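Letters A, B, ... mirror the listed sequences (proteins, then strands); counts begin at 1. Because the structure is a prediction, the values reported are computed rather than measured.
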Amino acid sequence: MTYPEPVEGRSLLEGLNPAQREAVEHVDGPLLIVAGPGSGKTRVITHRIAYLVQEYGVTPYSILAMTFTNKAAREMRDRLNRLVGSHSDALTVGTFHSFCARLLRREGERVGLPRNYSIFDDDDQMSAIRHCLEEADYDPKRYPPRAVLATISKAKSVLQDSQTMAQHAVGDYFEEVCARVYRHYEELLARNGAADFDDLLLRTAQLFREFPEVLQAYQHRYNYLMVDEFQDTNIAQYRISQMLARSHQNFCVVGDPDQSIYSWRSADVRNILNFKSDNPRARVISLGQNYRSTSNILNAAKGLIATNGQRLDNDLFTENTVGLPVQLHEAYTDDEEADSVIAEIGRLSREQGFKLGDCAVLYRVNAQSRALEEACLSQGMKYRLVGGTRFYQRKEIKDLAAYLRLLYNPQDDVNLSRIINVPPRGIGAKSIQQLGEWAAYRESSMYEGMREIAASHAARQSCPAPLATRAVSSVARFVEAMARLMAFSQEVEVVKLVDLVLEESGLRKHIQDSDDRPEERWENVLAFRALAQEFNAETPPDGLGSLLERTALVSQVDEYEEAEDSLTLITLHQAKGLEFPVVFIVGLEEGLLPHSRSMDSEAQLEEERRLCYVGMTRAQQRLYLLRAFRRGFRNGTGGGPAVASRFLREIPEDLVASADLGPSRAVSPPTPGRGSSIRAAVLANAAASAAPPSGPSLRVGDLVRHRAFGEGIVTAYNPSASDDEVTVEFAGGVGVKRLLLSFAPLEKLDD
DNA sequence: TAGCGACTGGTTTTT
DNA sequence: CCAGTCGCTA
C-alpha cells in the first residue's frame, strides 16, 4: 500500500514552536503532552498524526484517536482531511463511547450483548432504575431514582459490577441499597439486551480482560493510540486505553490538569497526574505558549488558578498584546446583568467591529440563560442557545426513536413500555404492569409475550395472560402493526422505515392533531427524518443501527454549529474547547460560581475554580466578568443579597477594571453592605496600583477619545484624593460614562 | 383508561 | 418557577 506523497514533511513542522515540534516528532513510546489553554493542542495532535503517516509511512488504518466530544472528533477529522488527504478515511477518530459502542456491536456477544443491543440513554436508565426499585421493594421517596442511578453509575465507572459494589458498600446503608438495586438493574439490562452509557466502557474493559485474543486483535490493529482531554477520562477509559497500548506502548495522551472539570462525572485527574509514574518511559512535553488570549486575560486567569493548591505548575505565557483590562461589571439584579451584557454586545458590534458570532456569554447553570434570552428578545439580538432541552430529548423525537429502537431490538421492554400507549390505544399503566409481570413470570420479553397474546386472539382462543379483555384486542392490533414494521425494517431504507413508522403507529396523526404546538413538533420530526437520510445508504438493518447509535451518543455541543451570525449562550462546561474574541462570564457570586453544591470540600471548590479558569481562557480579546447584587431565584421567593464570588478577589487587581455597562446607572444599589464594598475595593486598588498617568488633565468641555467608547465631551470632573473621576458624554449612542482618569484610556483631542 | 387539575418537591455540570 | 407526580372524575 502506498500513501500520498506529502512531499516534504518539513511543512508539517513549519510554524511550530520548539515544544510543539518536539511533540509532533515524537513517534515511539508513551508521550504526555500537557497543553494549556490556547497552546495549539489540536494542531499538535493533527500534525503528529499526519507526520506519522507521511514521514514514517504508518498506515492510517492503524491509528486510533479518541476525543471527548463528537464535535472535537469531527473537527479533528476535518483538519486531518486537509493534512493527510483522502487517506484520512482510514483513520479511526471518535469518542470513547462511540468507539466502544461499535466494538461491542462486533464483539459484544462474548460478554452477553446481542448484536442488535440497545443503548439506554438517561431516560431509559431512569425508567429502568424505577422499575428495579419497585422490584427490590424500595420506596422511591426514600431512595430517589436519580441518586441511586448516580451512585450505581459511579461504581460502574470504576469498573465495579454489583457484586464488587456490594463488597465495597459494607457499612454504608445507602450504598448497600444501591448495590442491591444494581443487581436487579444488571439483570434488567441483560433481559432487555441493552447497555447503558457506562456499560459501553465497562463491557469493553471486561471484554478485553476476559478475552485476551480480542484485545490482541485490537492491539494489533491499532499501533498508535492518542487520547485527547486525558484529564477528563475515568478509570474505565483509562483502563481501556492502557490495555490497548500495552503491547506497543505508542500511547500519546494530551490534557491539562487545570482544565479538569468533570470529576462529578467520575473523571479522575489522577489518570493524567500519574501518567508519568504509570509509564516510566514516558516523555513529558509542556506546551506553554498561549496563542489565544491577550496577556491581560491570560494573566488574570493564571492568577486565579494559582490559588489552587493541588496543581502542577505550568508556565503559561503569551507574546500577544496586552489588551484591555478584564472588565468587571456589578449589576443590581440578574435582569439588569443580562441587559447590560446584551447592550454591551450591541455596542461592540455597532462600534467596535465585532460580529455577534464573535461573542459568547458563559454561565454556570442553564437556568441563567433565561434572563439572557429575555434580554436578547427585548433588545432584538440574534442569539443561539447551546443546550437547553436537547433535540433528542424532545418527546416527539424520543417517541419516534423508541419505536425504531423497539423494531431494532424487540427485547427492549423499556422502549416498548414507552410507546405502547403513544398515541393512546387503550393500554394504560395497569395493562403495562400486568404485561410486564406476566412476561417476567414466563421469562420472556414483553413483546414476545404480546405476540403470543395476539396469536391466541387471532385463533379466538382465550387470552393466556391476565389482562382486561379490552386491552387484549389493542395488544393484538399493536403487535400486528409492529410485526409489519419489523419485516420492513429488514428490507427498506431507513427514511422509508421512518415514514412507515410515523403512519402505521399513528404518531404522525397524534403529533399533528395535538394541541401543544403541533407544527413545531412536526418540524422536529422532519429534522429527525432528514438525519435518517444520512444512513439510507447502509443495507437495511445496519442503517437503522447506525441511526440509533447516533441519536444515543450525540451531545448538545455537537449540534452547535457556527452558522449564522449570532451571539452564543452557553454553559461554562460546554464552552470547554471553544474560543471567542469576546467572552462574558455572568453570575460571579458565591453559591453560583462557585456553586453552592460544590462548596463543602476544598477539592470541589478547586474544580469550580478550574471551571472559571476554563471560562476565562476562552476569551481572545475581551473578557467581561459580571455579578449581580440580587439574583431572583424563584421570581420573588428567596433571592437574598448575593455575595461577590471569591474568585473575583483572586484575580490580580491590576488586571481588572470596573466597567459601567448598566443601562440604569441612576439607581443606587439596594443593599449597600458587603456587595458594594468589593467593588469599592477593586476600584480603589486599581487606582492605587495603576501608574498615575502623566496624561491629560482635563476640564469640563474638553473633547476626548476613548479606546473603546469613541469620542466624547467631558461634562463633569471630580478630583479626589486617590484618583480623578471624569464624566464623559460619548457620541454615537454610547451615552454618559463615569471613568477613572488614571485608568481610562482617554486621549485629549484638540478641539 | 384518559384527561384534568392540584400539589409537591427540587434544581450543576453530560459522554 | 417548573416539571413531574398524584388522585380524582367522566
query = Checking side chain to side chain donor-acceptor pair (under 3.5 Å) for the pair Ser157(A)/Asp198(A): CA distance, chi angles, key distance, verdict?
reply = CA-CA 6 Å; Ser157(A) 69; Asp198(A) 301 309; 5.8 Å; no

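Here the P atom of nucleotide dT13(B) and the CG atom of Leu362(A) are 14 Å apart, to the nearest Å. What separates NE2 of His97(A) from P of dT15(B) is a distance of 9 Å, to the nearest Å. One interatomic measurement links the two molecules: CG of Asp123(A) to C1' of dG4(C), which rounds to 12 Å at whole-angstrom precision. Counting to the nearest Å, the P atom of dT14(B) and the CG atom of Asp124(A) are 19 Å from each other. Rounded to a whole Å, the CG atom of Asp228(A) is 14 Å from the C1' atom of dT15(B). Between the CZ atom of Arg130(A) and the P atom of dT5(C) there is a distance of 5 Å, rounded to whole Å. Here the P atom of nucleotide dT15(B) and the NZ atom of Lys156(A) are 18 Å apart, to the nearest Å. Regarding Asp122(A), its CG atom lies at a distance of 10 Å from the P atom of dT15(B), rounded to whole Å.
Contacts of Tyr408(A) classified as ring-ring contact (aromatic ring centres under 6.0 Å, His included), with partners at least two apart in sequence or in another chain: none.
Evaluation of the salt bridge (charged side-chain N to carboxylate O under 4.0 Å, His left out) test over residues 125-136 of chain A, restricted to residues two or more places apart or in two chains, returns Glu135(A)-Arg191(A).
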Can you name the atoms? Protein N/O to nucleotides 1-5 of chain B N/O, anything below 3.5 Å, with the distance.
residue	atom	partner	partner atom	Å
dT1(B)	OP1	Ser431(A)	OG	2.4
dA2(B)	OP1	Asn421(A)	ND2	3.2
dA2(B)	OP1	Gly426(A)	N	3.1
dA2(B)	OP2	Asn421(A)	ND2	3.0

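The side chain of Gln574(A) places an N or O atom within less than 4.0 Å of a non-bridging phosphate oxygen (OP1 or OP2) of dT14(B). Look at Asn70(A) and you won't find any side-chain N or O under 4.0 angstrom from OP1 or OP2 of dT15(B). Checking the phosphate oxygens (OP1, OP2) of dT13(B), no side-chain nitrogen or oxygen of Ser263(A) falls inside 4.0 Å.
Contact check for Leu623(A) versus Phe584(A): no side-chain heavy atoms found under the 4.5 Å cut-off.
Of all heavy-atom pairs between Met126(A) and Leu149(A), the closest is SD-CD2, 4.0 Å.
Of the possible polar contacts, none joining the Glu75(A) side chain to the Ala72(A) backbone as a donor-acceptor pair under 3.5 Å is found.
Using a 5.5 Å limit on the distance between ring centres and a 30° limit on the angle between planes, the aromatic ring of Tyr262(A) does not count as stacked on the six-membered base ring of dT14(B).
Of the inter-residue distances, the one linking Thr46(A) atom OG1 with Arg79(A) atom CZ reads 5.5 Å to the nearest 0.5 angstrom.
The nearest heavy atom of DNA chain B to Phe197(A) and to Ser598(A) marks one nucleotide each, and the one closer to the 5' end goes with Ser598(A). Between Val365(A) and Phe68(A), the one whose closest nucleotide on DNA chain B sits nearer the 5' end is Val365(A).
Of the listed nucleotides (dC2(C), dT15(B), dT14(B)), dC2(C) has the atom at the smallest distance from the side chain of Arg370(A).
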